[in-house]
Amino acid sequence: MKILNSQSIHDVDIATCEAQKISSIDLMERAAMQVSVELVSMFLPSQRFVIFAGPGNNGGDALAVARMLMEQGYRRVEVFLFNVTGKLSHDCDEERKRLIMVDGVDYTEVTREFTPPYLSSEDVVVDGLFGSGLKQPLQGGFVSLARYVNESHAFVVSIDLPSGLFGEWNANISRRDVMHADMTLAFQLPRLSFFFRENAPILGKWKLLDIDLDMKAVRAQQTEYRVIDAQNVKPLFKPRDPFSGKRDYGSALLFGGSYGMMGAAVMCAKAVLKSGGGLVTVHSAHCGMPIVQTAFPEAMFEPDRNEHYITDMKIHHNHQAVAVGPGLGTHDATIEALQDLLQHATMPMVLDADALNCISIRPALLTYVPAKTILTPHVGEFDRMFGEHHDDEARLRTAIEMSRQYNIIIVLKGHYTAVVSPTGRVNFNMTGNAGMATAGAGDVLTGIITSFLSQGYEPIYAAMLGVYVHGRAGDMAEAEFGQYGMTASDIIGKVGPAIREILES
C-alpha cells in the first residue's frame with residue numbers, strides 16, 4: 001500500500017473523477033457517506049453532534065455528513081460553517097446549499113464573531129475544518145477553537161486529518177494548537193504523519209475508508225513511502241523444493257550471548273530455524289555451551305576461547321548469513337572482535353542489540369559496516385548511535401540520511417517499524433501489538449531476518465519479510481495468551497503458523 005502526499009492524493013482524486021466519469025462533488029458525497037456510515041455504527045440517534053466545517057473541501061465533507069446524519073434520523077445535529085473570508089470552495093458551497101434545504105437543520109454560518117457552543121464529554125464533535133489541503137499551521141480563532149474542543153473532552157471524530165495536523169511533516173507545529181481527535185477517518189490511503197508516535201495523541205484511533213479511488217491512478221503516483229502488507233509480502237516467499245536438504249536453506253552464524261545473557265542467543269537461534277533456516281551455529285562465551293546445547297539442541301555451538309564473553313569473531317566455516325548482538329555485551333575485547341569482523345566479513349549481516357551499543361561506544365565502526373548490512377535498533381539504540389532525537393519524525397529523517405550515507409538498511413523498531421533502504425524508500429510495518437514489548441522480542445526479530453538472509457533473500461526483502469512475520473507471529477501469540485501474558489518464546493512458537501497463514505492466504 002502506498003503512502004501518498006497531499007498533492008498526490010489531490011491528483012488521484014482528479015484522476016478518479018475522470019476515469020469514473022463523475023464530478024468532484026460525487027466523490028465528496030461518496031466520502032461523506034462512508035464517514036456517516038461509521039458514525040451511525042458508533043452512535044445512537046439520540047447522540048448530540050456538533051459539526052465544525054471549514055471553507056474548503058474538508059468542510060464540504062463535514063456538511064454532507066451533517067445532512068446524511070439528519071436523513072438517517074439524527075436530530076441533534078448542530079452545524080457551524082466557518083466562512084470568514086467569504087470564499088467557499090465550489091463543492092463546499094454546493095454542500096452548504098444542500099444542507100440548508102433540510103427541514104429543521106440547526107445551521108450557523110460564521111463570518112465574523114463566533115461564540116462556541118457548550119461542549120461536554122457526552123458530545124461528539126465532527127472536525128471538518130481543515131484536511132490535507134492545509135498549507136500553514138492554524139492561526140487566530142481556529143487555534144482558540146481547537147483548544148476549546150480539546151479542553152471540552154468531547155469525543156472528536158476528524159475527517160481526513162485532525163485540523164492543524166499536516167499529512168507529512170509536522171516539526172514546526174505546536175501540538176497544543178491542533179485539534180485532538182479520538183478517531184480519524186481517512187480515505188483509502190494512510191498519511192505519513194500517521195506513523196509517528198508523537199502524533200498518536202492527535203490522531204486517536206485511525207481508520208481508512210474505501211471510497212473506490214482509481215487504483216491505476218494510485219499506482220501511477222511516485223512515493224518513497226509504503227506500508228508492508230500481506231499482498232506485497234506473499235510474492236516474496238520462495239517455493240521450497242521437495243527434494244531439498246538443510247544446506248539448501250542456508251547456514252547462519254550467530255555471535256551472541258555472554259555470562260548471564262545466554263537466553264538472548266538461544267531465542268535468536270531458535271527463531272532462525274523456526275523461520276525456515278537450514279542450519280544455525282552459535283558462537284558464544286565458553287560458559288554458554290551447556291546452556292545452548294541443552295536449551296536448543298538443534299543449534300551447533302562454537303565456543304569462544306574466553307569463558308564469559310566473546311573475544312573472537314573470525315568466521316571459520318562457510319555461512320550464508322551472520323547475526324551479531326543478542327546478549328553480546330560491550331567489553332573492550334568484544335568491540336575489537338566486532339571491528340575485525342566488520343572489516344573482513346563478506347556475507348550478509350544483521351547487527352542488533354549490543355552490536356549497536358558497541359558502535360555507539362566506538363562510532364568509527366560505522367565506517368567498516370559492509371554495504372547492505374541490516375541494523376535493527378530500537379529508539380534508544382538508534383539515539384545512542386546517531387544522537388538524541390525528540391520525536392519519531394526526526395528519527396526517520398536521520399535514518400534515511402544514515403542509510404544513504406553508509407549504504408545500509410535500518411530497521412527502526414517501534415509500533416510501526418520502519419524498514420529504511422539506502423535508496424531512501426521507507427516501508428512501514430503494521431503487524432504486531434503492545435504485548436511484544438517484552439524481553440527477547442528483538443532477539444527473535446534478529447533471528448527471523450537472519451534466517452531469510454541465510455536462505456538467499458535480498459537484504460531488503462529479508463528485512464521486510466522479517467518484520468512482517470515477526471509482527472504477525474506476535475499477533476497470533478496475543479490471540480492465544482493476551483498482551484499481558486505473552487513472552488518472546490510464545491512469538492517464536494507462532495512464527496511457523498504465521499508464515500503458513502501468509503502462504504495460504
Side-chain angles (χ1 to χ4, degrees), residues 4-39 51-69 79-101 107 109-111 125-139 142 145-146 156-168 178-179 181 183-191 193-194 203 206-214 217-218 221:
L4 300 183
N5 63 30
S6 298
Q7 182 57 53
S8 295
I9 290 169
H10 178 67
D11 293 343
V12 169
D13 286 347
I14 294 173
T16 297
C17 292
E18 292 174 352
Q20 299 177 6
K21 295 181 172 54
I22 60 174
S23 66
S24 58
I25 199 165
D26 291 331
L27 186 60
M28 179 176 285
E29 287 280 302
R30 188 186 295 173
M33 177 59 72
Q34 292 301 316
V35 173
S36 63
V37 167
E38 285 295 319
L39 295 177
I51 296 181
F52 296 119
N57 285 349
N58 193 245
D61 291 332
L63 296 177
V65 167
R67 188 188 80 247
M68 292 173 185
L69 285 175
V79 184
F80 295 85
L81 171 61
F82 290 83
N83 186 15
V84 294
T85 65
K87 295 180 181 179
L88 301 177
S89 73
H90 175 273
D91 290 350
C92 182
D93 189 45
E94 180 60 34
E95 292 292 2
R96 179 188 67 85
K97 293 173 183 176
R98 295 181 183 185
L99 176 64
I100 60 178
M101 295 297 292
Y107 169 81
E109 188 163 330
V110 181
T111 56
V125 169
V126 176
D127 165 31
L129 290 172
F130 302 99
S132 56
L134 189 67
K135 303 299 183 187
Q136 59 184 5
L138 294 186
Q139 297 177 348
F142 290 116
L145 178 57
V156 179
V157 179
S158 289
I159 300 173
D160 190 30
L161 283 165
S163 292
L165 187 74
F166 297 108
E168 289 76 52
V178 174
M179 195 77 77
M183 172 169 281
T184 299
L185 300 175
F187 302 121
Q188 199 93 24
L189 301 168
R191 313 294 191 260
S193 58
F194 290 7
L203 292 159
W206 58 269
K207 184 174 183 178
L208 300 180
L209 305 181
D210 189 349
I211 58 171
D212 194 25
L213 293 177
D214 183 66
V218 172
Q221 296 298 319

Worksheet entry | Worked verdict on Asn58 versus Ile159 for side-chain contact (heavy atoms from CB on, under 4.5 Å) | CA-CA 7 Å; Asn58 193 245; Ile159 300 173; 3.9 Å; yes
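- Contact annotation: the side chain of Pro55 never approaches that of Lys87 to less than 4.5 Å [non-hydrogen atoms, C-beta and beyond].
- When every heavy atom of Arg30 is checked against every heavy atom of Ile22, the shortest pair comes out as NH2-CD1, 3.5 Å.
- Atom CG in Leu39 sits 7.5 Å away from atom CD1 in Ile51 (nearest 0.5 Å).
- Interatomic distance, Ile211 CD1 to Gln34 CD, rounded to the nearest 0.5 Å: 8.5 Å.
- Smallest separation of non-hydrogen atoms from Cys92 and Gly54: SG-O, 3.6 Å.
- Donor-acceptor pairing under 3.5 Å is recorded for the side chains of Asn5 and Ser8.
- Using cut-offs of 30° and 60° on the angle between ring planes, the pair Phe142 and Phe130 is perpendicular.
- Across all their heavy atoms, Ala15 and Ala217 have their closest contact at CB-CB, 3.5 Å.
- The nearest pair of heavy atoms linking Ser163 to Val178 is O-CG1, 3.3 Å.
- In this structure, Ser6 contributes its side chain and Ser132 its backbone to a donor-acceptor pair below 3.5 Å.
- The structure places CG of Leu88 at 5.5 Å from CG of Leu81, a figure rounded to the nearest 0.5 Å.
- Under the 3.5 Å distance criterion, the side-chain polar atoms of Gln188 are matched with a main-chain donor or acceptor of Asp212.
- In summary, Asp93 and Lys97 engage in a salt bridge, as defined by a charged side-chain N under 4.0 Å from a carboxylate O.
- Between Asp26 and Ser23 there is a side-chain heavy-atom pair separated by less than 4.5 Å.
- Counting heavy atoms from C-beta on, the side chains of Ile9 and Gln221 never come closer than 4.5 Å.
- For the pair Leu161 and Ser193, the minimum side-chain heavy-atom distance is below 4.5 Å.
- Under the salt bridge (charged side-chain N to carboxylate O under 4.0 Å, His left out) criterion, Lys135 pairs with no residue, sequence neighbours left out.
- Under the 4.5 Å side-chain criterion, counting only non-hydrogen atoms from C-beta, Arg67 is in contact with Glu29.
- Between Thr184 atom OG1 and Asp127 atom CG the span is 8.5 Å, to the nearest 0.5 Å.
- Side-chain contact check for Thr16 and Asp13: no donor-acceptor pair (N or O, by modelled atom type) lies under 3.5 Å.
- For the residue pair Asp61 and Ala32, the shortest heavy atom distance occurs at O-CB, 3.8 Å.
- Taking the side chain as every heavy atom from C-beta outward, Leu129 and Leu145 approach each other to under 4.5 Å.
- Within the 4.5 Å cutoff, side-chain heavy atoms of Val79 are placed close to those of Leu63.
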Item to complete: Kindly determine whether Val157 and Glu38 satisfy side-chain contact (heavy atoms from CB on, under 4.5 Å), including the steps that lead there.
Response: CA-CA 10 Å; Val157 179; Glu38 285 295 319; over 6 Å; no
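- Between the CD atom in Glu18 and the CG atom in Asp214 there is a gap of 10.0 Å [rounded to 0.5 Å].
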Item to complete: Could you please spell out the steps behind the side-chain hydrogen bond (donor to acceptor under 3.5 Å, both in side chains) verdict for Asn83 and Glu109?
Response: CA-CA 7 Å; Asn83 186 15; Glu109 188 163 330; 2.9 Å; yes
Worksheet entry | Chi angles and distances behind the side-chain contact (heavy atoms from CB on, under 4.5 Å) call for Phe187, Leu209 | CA-CA 5 Å; Phe187 302 121; Leu209 305 181; 4.2 Å; yes
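- Contact check for Glu95 versus Ile25: side-chain heavy atoms found under the 4.5 Å cut-off.
- From Leu165, atom CG reaches atom CZ of Phe194 across 8.0 Å, with rounding to the nearest 0.5 Å.
- Nearest heavy atom pair, residue Leu203 against residue Pro162, reads CD2-CD, 3.8 Å.
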